[in-house]
Amino acid sequence: MPETLLPIRTPSQARRQSRLAMLLLLGAALGGCSGGDFGRSRDNVRNDDMHRWLGAEATASVGLTASQFQLTDGERQLRDYAYPLIEPPHSRPAWKSVFGDYKPLPSPWRQAVIFDRTAYGRLLIDEPHRSHTSRYAVLMDHVRNDITRFEPFFAAAVRVLELDRKRNASLKLVSELSPRERDDAVARMEENALIVQWVQQSLERRIASYRWALERLVIQAPDTIAADVDRLIGELAAQTANPPVAARPVIGRAVTVKG
């Protein structure tokens, strides 16, 4: 048999190869726990029911039990569209928008403190900006985003609440309906109604926050662009005051909007 010759490594070569192996292992470990490209959330950490908790949170906050039914496509879409309108503006700047920052939020019925409409404006004004006009630009972007999200959410709400109306009417027609099935059906209808009301209240809070922020910007750094911001806020307020659909009240407790 031919003699097998093994390559002879010098001490310096061995050290270099050892360091290289350690770097490769470290890179693989960091890559496994990091987000996607450029800090974006990886697709494999998301799931179709990532916003399902909205219904459970809303019902639990008013002393009700969440439904055990699976979400329909429309109900899932309703929750997906609701979250960006429920999440407080300015809570996740674009440069921090990673999955690790995603957190469930308490419903307005659970909060014991009065809503602080000054918090958004104070943060907007106090954060470093290159110029005062950039503050107006940020405010305009937030209001415009809400206007853009308004129609898709309420279009989904119209479909879901209409189907819930039919579901409620069919309960007395279903043969051998068990108490558990009835309870889950009623609970799901309550969940959907509460989510619509949650978004409605969140929009009212956002408008109050936007107006306070604009008023402070006007007195601290007056600019003609303020008229455009005021027009956008007025458009959002008009849409919010006249939504395409209103969910039936599940509870009688009102939530304070003005702070």
Side-chain angles (χ1 to χ4, degrees), residues 51 53-55 57-58 61 77-94 96-97 101-127 129 134-158 192-220 225-247 249 253-259:
H51 295 126
W53 62 268
L54 285 171
E57 166 59 23
S61 68
Q77 188 179 61
L78 179 75
R79 286 151 178 76
D80 290 344
Y81 286 153
Y83 186 78
L85 293 171
I86 288 171
E87 182 187 35
H90 232 6
S91 63
R92 287 192 301 163
K96 287 182 63 180
S97 185
D101 293 319
Y102 179 92
K103 296 179 181 178
L105 305 169
S107 81
W109 298 281
R110 193 183 293 279
Q111 297 177 8
V113 298
I114 297 177
F115 165 64
D116 181 9
R117 68 190 182 103
T118 72
Y120 168 81
R122 287 187 284 106
L123 182 60
L124 176 68
I125 294 171
D126 292 344
E127 280 188 341
H129 289 77
S134 64
R135 292 179 171 87
Y136 283 102
V138 170
L139 179 54
M140 287 186 71
D141 284 343
H142 287 163
V143 180
R144 191 179 290 112
N145 288 340
D146 288 349
I147 293 173
T148 302
R149 294 169 179 142
F150 186 95
E151 184 176 352
F153 170 78
F154 278 100
V158 168
N192 295 334
L194 284 170
I195 289 173
V196 175
Q197 293 171 29
W198 188 348
V199 169
Q200 181 76 21
Q201 293 166 10
S202 295
L203 283 169
E204 293 172 358
R205 290 183 170 192
R206 292 164 91 96
I207 293 166
S209 297
Y210 293 151
R211 282 178 168 155
W212 190 94
L214 178 60
E215 291 169 355
R216 267 57 194 181
L217 281 174
V218 167
I219 62 175
Q220 294 190 29
I225 198 175
D228 295 328
V229 182
D230 184 62
R231 178 185 57 79
L232 282 176
I233 296 175
E235 181 180 345
L236 179 61
Q239 290 181 331
T240 301
N242 299 280
V245 64
R253 284 186 285 145
V255 176
T256 300
V257 172
K258 295 183 178 180

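One is the number of the first residue; the rest follow in order along the sequence. The figures here come from the full heavy-atom set of this structure, side chains too, leaving out hydrogens, waters and symmetry mates.
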Worksheet entry | Distance in Å, Thr240 OG1 paired with Glu204 CD, rounded so as to fall on 0.5 Å steps | 7.0 Å
Worksheet item: Phe153 versus Tyr83: any side-chain heavy-atom pair under 4.5 Å?
Response: no
Response to the item:
Of all heavy-atom pairs linking Val196 and Phe154, the shortest is CG1-CE2, 4.4 Å
Worksheet item: For residues 145-157, which residue pairs qualify under side chain to side chain donor-acceptor pair (under 3.5 Å), counting only residues two or more places apart or in two chains?
Response: Asp146-Arg206, Asp146-Tyr210
Fill in: 4.5 Å side-chain heavy-atom contact, Pro108 and Trp198
yes
Worksheet item: What's the shortest heavy-atom distance between Ala82 and Ile195, and which atoms?
Response: CB-CG2, 3.9 Å
Discussion item. Between Asp116 and Arg122, is there a side-chain heavy-atom distance shorter than 4.5 Å?
Written reply: yes
Worksheet item: Are side-chain heavy atoms of His142 and Tyr120 found at a separation under 4.5 Å?
Response: yes
Discussion item. What's the separation between atom CZ in Phe150 and atom CG in Leu236, rounded to the nearest 0.5 Å?
Written reply: 7.5 Å
Worksheet item: Say you draw a straight line from CG of Leu124 to CG of Leu139; how long is it, rounded to the nearest 0.5 Å?
Response: 6.0 Å
Worksheet item: Between Trp212 and Ile207, is any pair of side-chain heavy atoms under 4.5 Å apart?
Response: no
Discussion item. As an exercise, state the distance from CZ of Arg135 to CD1 of Ile125, rounded to the nearest 0.5 Å.
Written reply: 7.5 Å
Practice prompt. Side-chain contact test, heavy atoms from C-beta onward, threshold under 4.5 Å: evaluate it for Ser202 versus Leu85 and give yes or no.
Written response: no
Worksheet entry | 4.5 Å side-chain heavy-atom contact, Leu54 and Glu57 | no
Discussion item. Donor-acceptor pair, distance only, cut-off 3.5 Å: does the side chain of Arg79 make one with the backbone of His51?
Written reply: no
Worksheet item: What is the minimum heavy-atom distance between Arg117 and Ala208, and which atoms define it?
Response: NH1-O, 4.0 Å
Worksheet item: How long is the gap from OG on Ser107 to CD on Gln201, to the nearest 0.5 Å?
Response: 8.5 Å
Discussion item. I want to check something: taking the side chain as every heavy atom from C-beta on, are Tyr81 and Val199 in contact at a cut-off of under 4.5 Å?
Written reply: no
Fill in: Trace of the side-chain contact (heavy atoms from CB on, under 4.5 Å) decision for Leu203 with Gln239
CA-CA 10 Å; Leu203 283 169; Gln239 290 181 331; over 6 Å; no
Worksheet, complete the sentence: Those residues at least two apart in sequence (or on a different chain) that pass salt bridge (Lys or Arg N to Asp or Glu O under 4.0 Å) with Asp228 are none
Worksheet, complete the sentence: Only residue of Leu214, Val218, Val143 satisfying side-chain contact (heavy atoms from CB on, under 4.5 Å) with Asp230 is Leu214
